[in-house]
Amino acid sequence: MKIISKIILSLLLTINLTLNLYAQGYICAVGGGSEDYGDWSDEPYSWIVQKSDSGKIIILGVSSATEWLPTYFMSFGADTAYNKTISTIAAANLQETYDELITAKAIFIRGGDQWDYIRLWKGTKVDSAINFIFQNGGVIAGTSAGAAVLGEVDFSAQSGSAYPEEALQNPFYSRMKFENNFLNLIPNVLFDTHFTERARHGRLIAMIYNQYYSSGRELIGTGIDDRTAICITPDGVGEVMGSGAVSIFYKDALSKYSAINTGKYTIENMKSHLLTKGWKYDFVNNEISFIPASAKDVDPDRVWFYPQTDFYLTGSNNLTSHLTSLTTFLTENNNSYILVISHPGFSNSITTITDYLSSNSYNYDLLNITTSNLNEAADAGKINQATCFIFAGDSLNVLSYLNQPGGLVNTAFYNSLAQNIPVFFFGNTGKISGHDFIGNTDTDLYAGYRGKMTINEGLFIFPELIFQPLIFDNSDYYENRMSSVLWGMMRNRKRIGVYLNGNDLVKVKSLENSICGNVQTPYIIVDARETTKVDSSTYRASGSIGPRQIVAMNNVRFSITNYPQINYLLEQGKFDNLTAIDNQEEIKFEPKSFQLYQNYPNPFNPYTTFKWKLSKPGKVTLKIFDPLGNEVETLIDGYYDSGFHSTFYSLNSKLSSGIYFYRLSTPNYSETKSMVLLK
């Protein structure tokens, strides 16, 4: 009986502790944005009225406001709603202020500057009244700055707003100021608002890192998009409402941080869940608690496609500023015959590159891609001679003509990739290095919000990649560029996204299947290999041609570094080191147990031969995939001795002309190459 009593007592204590973690009130945190009748705001704002039993709602601020919000709340059935301005510490400390506020069933804190709220209301009667209402089952809500003060830890904005580029460059810079003694409503949570709209993913990641090292906290970072809310019940479960996403970030068992050292640091595998309307998150147990039926399954075991050759990506379209990066590329690779690939409409700008090559006595040629020269033998000859490629231009669709099957130029280009000829991309041209790229990110300010971004077919050099440069180049395009990677990964089930900024350089290596960078702003890698569920917004704003291009994805990992010596290993999903390599020696990789050769002939019709060499006996599979990653056929699945082997392939008559991939796998390694079918 004593043992049973102790067990019951322990359970009661655990239940009591859990209840005490969350008081009895409700929270509605809104990411900002204009409310309107019959629009995104109806659901969360009517939720506030409902959970306050249609009672009195007092809307707090430090300056005067219109009657729009009070009228809006009363349209949902609130008994009464009105604005109250509290603009001094003296007013915030009046007993009559306290007595008035505690008669409310809900308090709503307007947008503005959260430092005003903290410096004027912290430790006052207003602070006490808000907590009294919350502890007694009322609703505390806020939008923008009003939502930013609802967590246990708040970004205070004491020194002004912290910009994501600067926060990533130094998570401890002067504007990264925090408050942990005001309201304290949601334990262990830090809210950020206007999230995708202002590209604040990197900022929130830096904030979590800052608090881990400065105060020992492992916070749940909660980024709320504009025109989006998360409404949290007393059990700690929050439901997403509105047009965008709520992005959750936290450190788990697979996450690793390095301490900052001379401005260098690494964050590996910070866990994230991106949630859209209807998804629910349990802040007590730190897990997704409900996924709506609109979500779709993703197979995490689908086949991987690794880089076909080495390629270099740059963070801006400024050709002059990236000539230093180009020098790095040319120094590290065979530059005996350089082919610059562009298009006729870029002729005035391409001279920046050709003048540089001429002045440095490089042997180079220029190939302008058009629809009319894809079958030119002379141009195919240039590609066949090239020891490296440079891509520059402002029309990604024209440069992507190279992916079309059948032309002599196209065939020569993919043969060169199969022979590991490296590629350098200036700025936006790097977007075509993947199987898909996202268009219309830099022309229409509201493309992502109004469903106008496009998915276009790239060059398949690294089919898993969605790449976005210029991430902090112009704040007008923050939402487009930030949402482009996540939307592209969700729509096409891609595993790897990369954000790059400014004059920064990233190298993708095919032999090591790795990514490294020479950067000022840490580059951001998004890894979705663990994602099993995806969803997207269905909200359509005025003037839209499609839903807002914001997505839900579970089990996403964010990794960043600004160490040039560190490599992100694509097969393992982690960095090879968290800090710089002391002796600066190159990382030694275990050699593969096989060598896969290019099929011959290539292009082919109707027959081709595959060859490989095994250094030790073992199980081998050889499969063919179409450009979308769908398995076409298994050619080999069996045990082979060490040595050279080959297999003959007769064309599947159902296949159409185009680019295909073949993948050789052993229990420990795999390698993929491309081939071209001409019918």
Side-chain angles (χ1 to χ4, degrees), residues 305 307-312 329-330 333-344 346 350 353-354 357 362-393 395-426 429-430 432-435 457-463 508 510 596-611 626-627 651 655-662 672-679:
F305 292 112
Q308 296 292 297
T309 190
D310 295 353
F311 61 97
Y312 293 45
F329 169 76
L330 296 174
N333 294 282
N334 183 349
N335 58 41
S336 57
Y337 181 63
I338 303 162
L339 186 60
V340 180
I341 298 178
S342 188
H343 54 83
F346 201 66
I350 203 69
I353 300 172
T354 55
L357 295 174
Y362 285 109
N363 180 27
Y364 75 92
D365 212 332
L366 174 64
L367 172 59
N368 280 316
I369 299 297
T370 67
T371 54
S372 61
N373 70 350
L374 295 179
N375 263 312
E376 290 291 334
D379 290 334
K382 292 179 182 179
I383 289 180
N384 287 327
Q385 295 177 58
T387 59
C388 61
F389 298 115
I390 298 170
F391 276 78
S395 177
L396 304 189
N397 290 324
V398 173
L399 292 174
S400 295
Y401 288 162
L402 282 171
N403 66 27
Q404 298 176 10
L408 296 175
V409 169
N410 314 66
T411 301
F413 178 70
Y414 282 99
N415 276 336
S416 295
L417 296 183
Q419 297 169 34
N420 300 120
I421 302 301
V423 187
F424 184 91
F425 291 100
F426 276 99
T429 62
I432 66 175
S433 60
H435 178 284
E457 202 168 72
L459 298 180
F460 319 131
I461 297 175
F462 182 14
V508 182
S510 60
L596 177 64
Y597 298 93
Q598 187 65 42
N599 66 303
Y600 182 83
N602 184 41
F604 71 97
N605 182 19
Y607 308 113
T608 193
T609 299
F610 301 99
K611 295 183 179 181
D626 67 18
L651 173 66
L655 299 183
S656 58
S657 295
I659 299 165
Y660 292 85
F661 298 90
Y662 58 99
T672 306
K673 290 183 178 293
S674 62
M675 60 183 181
V676 179
L677 169 62
L678 295 180
K679 296 186 76 172

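What you see below is based on every heavy atom in this structure, not just the backbone, and it leaves out hydrogens, waters and symmetry mates. Nothing here was measured: the structure is a model prediction, and the numbers come from that model.
- Counting heavy atoms from C-beta outward, Leu408 and Leu374 have side chains that stay 4.5 Å or more apart.
- A distance below 6.0 Å separates the ring centres of Phe413 and Phe389.
- Between the side chains of Ser395 and Asn397, no donor-acceptor pair of N or O atoms lies under 3.5 Å.
- A donor-acceptor pair under 3.5 Å links the side-chain atoms of Thr309 to the main chain of Ile421, judged by distance alone.
- Across all their heavy atoms, Leu366 and Ser342 have their closest contact at CD1-CB, 4.4 Å.
- Neither side chain, Tyr401 nor Asn373, offers a donor N or O lying under 3.5 Å from an acceptor on the other.
- Not counting sequence neighbours, the partners of Asp310 by the side chain to side chain donor-acceptor pair (under 3.5 Å) test are Ser510.
- Listed for the Gln308 side chain is a donor-acceptor partner under 3.5 Å among the backbone atoms of Ser674.
- Under the 6.0 Å cut-off for aromatic ring centres, Phe424 and Phe311 do not qualify, their centroids lying 6.0 Å or more apart.
- Not counting sequence neighbours, the partners of Asn415 by the side chain to side chain donor-acceptor pair (under 3.5 Å) test are Asn602.
- His343 places a side-chain heavy atom less than 4.5 Å from the side chain of Leu399.
- The backbone N or O of Leu396 lies less than 3.5 Å from a partner atom in the side chain of Ser400, making a donor-acceptor pair.
- Residues Leu367 and Val340 have side chains not in contact (no heavy-atom distance under 4.5 Å, counting atoms from C-beta outward).
- Ile390 places none of its side-chain heavy atoms less than 4.5 Å from the side chain of Tyr312.
- A donor-acceptor pair is defined here as one N or O able to donate and one able to accept, closer than 3.5 Å; such a pair exists between the side chain of Asn335 and the backbone of Leu330.
- A 4.5 Å side-chain heavy-atom check between Tyr597 and Phe610 finds every atom pair outside the cut-off.
- The six-membered or imidazole ring of Phe661 lies near that of Phe305, with a centre-to-centre distance under 6.0 Å.
- A distance-only check finds no donor-acceptor pair linking the side chain of Asn363 to the backbone of Tyr337 [under 3.5 Å].
- Asn599 places none of its side-chain heavy atoms less than 4.5 Å from the side chain of Lys673.
- In this structure, Ile353 and Tyr364 have side chains that are not in contact, with every pair of non-hydrogen atoms separated by 4.5 Å or more.
- Across every non-hydrogen atom of Phe329 and Cys388, the tightest pair is CZ-CB, 3.7 Å.
- Residues passing the side chain to side chain donor-acceptor pair (under 3.5 Å) test with Thr371, sequence neighbours excluded: none.
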Step by step, work out the side-chain contact (heavy atoms from CB on, under 4.5 Å) result for Leu459 and Phe391. CA-CA 12 Å; Leu459 298 180; Phe391 276 78; 4.0 Å; yes
